[in-house]
Amino acid sequence: MVANVPLDAVDAEACGLTRVPVDLGARSYDIVIGRGALAEAGRRIAEVLPGSRAAIVTDETVAGLHLEAVRASLDAAGIGHEVITIPAGEASKRFAMFETVCERVLDAKLERGDVVIALGGGVVGDLAGFVAASVRRGMPFVQLPTSLLAQVDSSVGGKTGINARHGKNLIGAFHQPSLVIADTAVLDTLSPREFRAGYAEVAKYGLLGDAGFFSWLEANHAAVFAGGPEREEAVAASCRAKAAVVADDEREAGRRALLNLGHTFGHAMEAVVAYDGARLVHGEGVAIGMRMAFDFSVELGLCPPEDVARVEAHLTAVGLPTTLADIPGQMPPAETFLDIMAQDKKVSRGALTFVLVRGIGEAFVERGVDPERVREFLTRELQREGTLR
Ligand SMILES: NC(=O)c1ccc[n+]([C@@H]2O[C@H](COP(=O)([O-])OP(=O)(O)OC[C@H]3O[C@@H](n4cnc5c(N)ncnc54)[C@H](O)[C@@H]3O)[C@@H](O)[C@H]2O)c1
């Protein structure tokens with residue numbers, strides 16, 4: 001495996017970019033953030049992985065918008081490359097697509113020291129990362145995240161994988177990238193709905209461990225959406241938060257589980273709608289799941305009710321859903337949610353593990369939550385009215 005070489009901080013800053021290091025010893029790498037960062041992708045990849053050839057994995061939507069810029073940048077740096085394009089959407093995170101992309105990387109005769117580049121959202125990143133972890137027992141991997149969700153969350157930390165019939169992300173590997181380049185200008189082409197969905201993960205960092213950041217978001221969310229410098233600040237703050245958690249607990253033995261705030265409920269919702277993005281995308285499930293985690297924490301006597309009101313008000317202000325009734329179509333009974341949760345990775349010996357809160361910025365992991373309390377809570381949630389107009 002090629003050792004990762006941290007970029008020179010001065011170099012990134014000289015280009016008006018922000019550099020966030022992820023400190024993982026020999027597997028350390030940088031996240032380079034800012035408008036226009038993709039133009040220099042080839043040069044930066046050549047610095048970190050000199051002499052390598054590349055396979056760019058992307059989806060059909062992103063290819064039409066941003067692939068040419070990346071290819072030109074690789075050409076300018078002398079990096080020979082193949083392009084592997086997959087259909088956009090969660091359905092691509094499956095075995096058949098994994099096989100196809102692995103074979104295509106091998107068709108391209110990429111060697112163990114060459115690089116797989118993910119250009120796209122979390123779906124491309126998770127799939128391409130798992131391919132990189134698997135082909136020739138592990139190849140270097142670079143993330144060029146193009147959705148807000150991927151820039152602030154999925155491209156950092158090395159979790160890669162695909163979905164199984166039994167649930168989301170149940171097959172995969174930890175495989176850290178060698179470099180992440182988050183060009184915030186590419187977010188200008190993202191649909192408002194996908195931008196909002198990514199924003200749920202930004203809000204998550206405030207809600208789980210940084211009340212000051214959540215207050216900053218309450219004051220600055222409009223500027224983050226508008227694309228001003230506050231957008232870079234929000235992406236960088238989120239990456240710093242994720243990098244700190246990952247550096248502390250790379251393989252989720254403890255603290256990293258906090259990043260799952262809202263995800264146990266959220267993943268169950270995604271499974272319930274059969275990953276139909278027209279009804280629910282990942283970040284929307286996380287938004288509803290986070291509000292539910294706060295309400296559940298209130299019910300358990302852990303969290304002041306005023307905090308739930310703030311969470312709900314903020315998510316609603318940016319247009320995110322917060323209740324199960326906001327998901328179009330019929331919802332199944334509470335029992336179905338519980339069955340799905342029982343398959344989630346967050347289950348240990350029958351007891352449910354939840355990220356609960358003592359307030360905004362004070363999340364903690366509770367192992368051994370009584371499924372009966374969850375059933376009662378879900379039954380009430382299924383009777384709630386929606387909050388989106
Ligand atoms: N590995 C991790 O740590 C981690 C963390 C969180 C989420 N995830 C995974 O990430 C996935 C969700 O990621 P996502 O929300 O990025 O989904 P996605 O990759 O499906 O992207 C969302 C949509 O936006 C489009 N898109 C992406 N960038 C664009 C751009 N710049 N302009 C226009 N369109 C663009 C895509 O084509 C797609 O249709 C889920 O599978 C989730 O499980 C992984």
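Residues: numbered from 1 along the sequence shown. As the structure lists them, so they are numbered: ligands from 1, and atoms in each ligand from 1.
Contact annotation for A88 and ligand 1: only side-chain heavy atoms (C-beta onward) come within less than 4.0 Å of the ligand. Contact annotation for N169 and ligand 1: only side-chain heavy atoms (C-beta onward) come within less than 4.0 Å of the ligand. Contact annotation for D126 and ligand 1: only side-chain heavy atoms (C-beta onward) come within less than 4.0 Å of the ligand.
The nearest protein atom to atom 16 (O) of ligand 1, hydrogens excluded, is given as S147 OG, 2.5 Å; this is a heavy-atom distance. The protein heavy-atom contact nearest to atom 36 (C) of ligand 1 is D59 OD2, 3.3 Å.
With ligand atoms numbered from 1 in the order given, ligand 1 contributes 31 (N) to contacts under 4.0 Å with heavy atoms of H66. Every atom of ligand 1 with a heavy atom of G121 under 4.0 Å away is listed here by number and element: 16 (O), 19 (O).
Residue contact annotation: E284 has no non-hydrogen atom under 4.0 Å from ligand 1.
Counting only non-hydrogen atoms, the option in L149, L259, I86 that gets closest to atom 15 (O) of ligand 1 is L149. Scanning V246, V123, T146 for the heavy atom closest to atom 19 (O) of ligand 1 points to V123.
Under the 6.0 Å distance and 45° angle rule, R358 counts as a cation-pi partner of F364.
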Salt bridge (Lys or Arg N to Asp or Glu O under 4.0 Å) between R35 and D188, worked out: CA-CA 10 Å; R35 284 202 161 256; D188 293 343; 3.1 Å; yes
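At a threshold of 4.0 Å, the pair R53-E111 does not count as salt-bridged, since none of the basic side-chain nitrogens sits closer than that to a carboxylate oxygen.
V105 and V135 make their closest contact through CG1-CG1, 4.1 Å (heavy atoms, listed as atom of the first residue, atom of the second, distance).
Between the side chains of T189 and H66, at least one donor N or O lies within less than 3.5 Å of an accepting N or O.
Under a 3.5 Å cut-off, the side chain of S73 and the backbone N or O of A39 do form a donor-acceptor pair.
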